Protein chains: 2
Amino acid sequence: MFSVSARTQYAIRAMSCLAKREGRSATSAEIAQSESIPAKYLEGILSRLKASGLIESERGKNGGYRMAKDPAEIRMLEIVEAIDGRIKPVTCVDAPGACSQGGDCHPRNFWIGLKTTIDAYLAERTLKDVSEG
Amino acid sequence: MFSVSARTQYAIRAMSCLAKREGRSATSAEIAQSESIPAKYLEGILSRLKASGLIESERGKNGGYRMAKDPAEIRMLEIVEAIDGRIKPVTCVDAPGACSQGGDCHPRNFWIGLKTTIDAYLAERTLKDVSEG
DNA sequence: TATATTCCTATTAATCAGATAGGAATATGG
DNA sequence: CCATATTCCTATCTGATTAATAGGAATATA
């Protein structure tokens, strides 16, 4: 119940790995080896992290990935959302009135409250907190 | 991300339905019809709720299900756990030292903290809160 | 031009949730 | 004792999603 995807766990490990390098870059292959992540699978993960602006990249020889920000400024919620999208306990979170009960549906409010609670927890903690303690 | 299973949502609807009956019983077929839940699928759900002591049942003619407790005494966490088990963002929450980093693994502590936060939210709210408002 | 890299797209494989099916066990009322 | 209505048990199917693999195009360097 409420399990975190392998992708997101890989993403956090990859980000921690880059964080340790303090701005210096690493190739996808290096990260994969160092963190025991399937190399080709990791490429897709890095691509999402880049699309969200959390990391930057250079192609070609001597290319690689590097942090785009200070790890202390990266909220865990940003990583999670970059990989798996917004937290949505039930699909109607973003669709008020989708269920028959209309606007003031108690179960829906209950799940929205849970989403808010989870979001807050993840937003209060940074990559620095999680990778260094 | 972090989506609630259809089973758990069905379970909550079924419990709300029984709660409205204030101790009187309803058959699985009645609940299924009233809440638009696949009838055979619902049987398995009711069976788990019963195994957790949240509802009681009688077999045979005139049989059915009824609440085992006051809805105000049933925490949402109990329903969720009855259906999908304990909340476990990562498999190692119950397995300290499973990962290479040993006992004091920061990501693990992070996920345990999230579990604790979710558990608290779900334990603070009762079936009565969610079904009546 | 050879090489090392990111980047893009498709495909496969494995896992799991949701749903269905059939019938055994059990209780009731006629 | 029998017909019926129910819970209860076990097996199976199906479709969606995730995890992983594969191949190669684009790009940068020396």
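Only a predicted model underlies this, so the values are computations on that prediction, with no experimental measurement involved. The figures that follow rest on heavy atoms only: side chains count, while hydrogens, waters and symmetry mates do not. Here is the naming used below: chain letters follow the sequence lines, and residue numbers restart at 1 for every chain.
- Of the possible polar contacts, none joining the B:R48 side chain to the B:A82 backbone as a donor-acceptor pair under 3.5 Å is found.
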Please list, pair by pair, any protein nitrogen or oxygen found under 3.5 Å from a nitrogen or oxygen in nucleotides 12-16 of chain C.
none

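- In this structure, NZ of B:K50 is placed 12 Å from C1' of C:dT26, rounded to the nearest angstrom.
- Atom CG in A:L18 sits roughly 14 Å away from atom C1' in C:dT6 (whole-Å rounding).
- A:I31 has its CD1 atom 12 Å from the P atom of C:dC7, to the nearest Å.
- Rounded to 10°, the angle separating the first-five-pair axis and the last-five-pair axis of the helix from C:dT1-D:dA30 to C:dG30-D:dC1 equals 10°.
- Looking at every heavy atom in both residues, B:G53 comes nearest to B:A68 through O-CB, 3.5 Å.
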For nucleotides 14-30 of chain D, just jot down a letter per nucleotide in 5' to 3' order: B, S or -, based on protein non-hydrogen atoms under 4.0 Å. -----BBB-BB-BBBBS
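- Computed from coordinates, the B:E56 CD to D:dT7 C1' distance equals 14 Å when rounded to whole Å.
- Residue A:G44 is classed as having no contact, given no heavy-atom separation below 4.0 Å to the nucleic acid.
- With rounding to the nearest 0.5 Å, the separation of CZ in B:F110 from CZ in A:R125 is 7.0 Å.
- A side chain to side chain contact (heavy atoms under 4.5 Å, CB included) with B:V93 is found for exactly one of B:I112, B:T116, B:L114, namely B:I112.
- The structure places CD of B:Q33 at 11.0 Å from CD of B:E35, a figure rounded to the nearest 0.5 Å.
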Start with the C-alpha distance between A:E56 and A:R66, add both sets of side-chain angles, then the distance that settles salt bridge (Lys or Arg N to Asp or Glu O under 4.0 Å), and finish with yes or no. CA-CA 5 Å; A:E56 293 167 343; A:R66 63 171 176 277; 3.2 Å; yes
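- The structure places CZ of B:R7 at 11.0 Å from CE of A:M1, a figure rounded to the nearest 0.5 Å.
- A 4.5 Å side-chain heavy-atom check between A:I87 and A:L122 finds at least one atom pair inside the cut-off.
- With B:Y65 as the fixed residue, the side chain to side chain contact (heavy atoms under 4.5 Å, CB included) test singles out one of B:S47, B:C17, B:S28: B:S28.
- Between the P atom of C:dC8 and the CZ atom of A:R48 lies a distance of 13 Å, rounded to the nearest Å.
- Between D:dT7 and B:S47, no contact under 4.0 Å exists linking OP1 or OP2 to a side-chain N or O.
- Atom CG in A:L46 sits about 13 Å away from atom C1' in C:dT5, given to the nearest Å.
- In terms of phosphate contacts, A:T27 brings no side-chain nitrogen or oxygen within less than 4.0 Å of OP1 or OP2 of C:dA4.
- Remark: side-chain polar atoms of B:R13 are not paired, donor with acceptor, to backbone N or O of B:Q9 under 3.5 angstrom.
- In A:E58, the CD atom is not crowded: 12 or fewer heavy atoms of neighbouring residues, nucleotides or ligands sit closer than 6.0 Å.
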